[in-house]
Amino acid sequence: MLSEEQRQRRAASTGGEPILDFDGERSPYVAYSDIDVLLSLQNTPSGTHDELLFMISGQLMELMFKLMTHELAEARRRIAADLIPDALATFHRITRVQELLVKGWDVVSTLTPAQFLGFRDHLGEASGFQSAGYRHLELILGNKQPSMLGPHRGSPRSHAALSAALHAPSLYDEALLLLDRRGHRIATDHLERDLTRPYEPHPSVEQAWTGVYADQSPGNDLFLLGEALVDLADLYRQWRYRHLISVERVMGYKPGTGGTSGVQWLHRIAEHRFFPELWSIRTQL
Ligand code: HEM
């Protein structure tokens, strides 16, 4: 580690110009984050020009899923510790990551149907459905479906991480515990339910959020938290819809490589709502 003084001296010795020689070693930039390894991971099997766009888009989104899951775990920890302003700062960052994810579809949708068909057969049965990173994201957000761990049985590390996320309280569970601590009571049987089962909306949660939304001023931190969760769910739905529209544009109503009917299946999946009571109360508000 260099001290600030050493950095100053070095900048003086290079005359303010960049360092050009690292004694024949990988440059520190490449070594710090294994950029050479990262850039060696785009082996497009079809040899067609357009497959690189598809592969890099998938890899980029995988990295963003990873970052988002990392930040969501931090937001969940902050909520559990009653650090609401800190949690809101994390949500602000998550929004920016999600915007990047949604924007990713602009690139994917430049693929024409013929270009996609040029490499599609090389995917075999590979599908984004088998993404452990995406599944982790859904689990931490609260979309719990034990059967979705099935594709990951052959990857013990991923399976263990997903199994832990399946059993852990989701981000929304921590928000509900917070509401309860702050006097917006949630039914005990709901808080103590089996966390590995799909989430079912509950009247006591609707009532709690309705109570919070009685004061929609910026001074109400629980209201700000509710809106941050709605922002997150909103952008998540945008990602799902942009995926669906890109798929329809690129391959119409053909079946997916992962075994589904394709666009029809994606439509059904897109009906799922994160934080359902935060949506349902809006009709009454
Ligand atoms: C031309 C591009 C794409 C097409 C045609 C496409 C098609 C599909 C189809 C048909 C499915 C349903 C499952 C199946 O049968 O395969 C699916 C699921 C999925 N795809 Fe894509 N996809 C594309 C790009 C991407 C990219 C770039 C990502 C980013 C990682 C991605 C992530 C996913 C995920 C996560 C699912 C599962 C969704 C869920 O379980 O809710 N897809 N895709």
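First listed ligand is number 1; within each ligand, the first listed atom is number 1.
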Salt-bridge present ([X], [Y]; N to O < 4.0 Å):
X	Y	value
R9	E5	yes
E99	R242	no
R76	D173	no
R78	E74	yes

Report task. Return yes or no for this condition: an N or O of S127 is under 3.5 Å from an N or O of ligand 1. Result -> yes

Query raised in the report: Below 3.5 angstrom, do we get any N/O pair linking S131 and ligand 1?
Result: no

Should the proximity of [X] to ligand 1, defined as any heavy atom under 4.0 Å, be assigned to the side chain, the backbone, both, or neither?
X	result
V250	side chain
W105	side chain
R240	neither
V108	side chain

[X] side chain near [Y] side chain, heavy-atom distance below 4.5 Å:
X	Y	value
L178	L222	yes
Q284	T210	no
W209	L229	yes
L149	H159	yes

Closer than 4.0 Å to some heavy atom of [X] - which atoms of ligand 1 meet that?
X	answer
G256	10 (C), 14 (C), 15 (O), 16 (O)
I269	41 (O)
G258	14 (C), 15 (O), 16 (O)

Among protein heavy atoms, which lies nearest [atom], and at what distance?
atom	value
atom 17 (C) of ligand 1	H243 CE1, 3.4 Å
atom 9 (C) of ligand 1	L266 CD1, 4.0 Å
atom 12 (C) of ligand 1	T260 OG1, 3.4 Å
atom 29 (C) of ligand 1	M61 SD, 3.5 Å
atom 40 (O) of ligand 1	R135 NH2, 2.8 Å
atom 39 (C) of ligand 1	Y134 CE2, 3.6 Å
atom 2 (C) of ligand 1	F54 CE1, 3.5 Å
atom 33 (C) of ligand 1	G128 CA, 3.5 Å

Report task. Spell out, yes or no, whether F129 and M55 are grouped together once hydrophobic residues are joined by side-chain heavy atoms under 4.5 Å, including indirect joins. Result -> no

Query raised in the report: Any side-chain donor-acceptor pair under 3.5 Å between D215 and S217?
Result: yes

Query - ligand 1 contacted by G259 (non-hydrogen, < 4.0 Å) - result: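 G259 counts as a contact of ligand 1 under the 4.0 Å cut-off.
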
Query raised in the report: Taking the minimum heavy-atom distance to atom 7 (C) of ligand 1, which of V247, N143, L137 ranks first?
Result: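 The option holding the nearest heavy atom is V247.
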
Report task. Determine, step by step, whether N220 and Q216 satisfy the side-chain hydrogen bond (donor to acceptor under 3.5 Å, both in side chains) criterion, reporting the C-alpha distance in whole Å, the side-chain angles of both residues, the deciding distance to 0.1 Å, and the verdict. Result -> CA-CA 7 Å; N220 179 0; Q216 298 182 20; over 6 Å; no

Report task. Decide salt bridge (Lys or Arg N to Asp or Glu O under 4.0 Å) for K144 and D194; before the verdict, give the C-alpha distance in whole Å, the side-chain angles of both, and the deciding distance to 0.1 Å. Result -> CA-CA 10 Å; K144 304 285 188 83; D194 177 357; over 6 Å; no

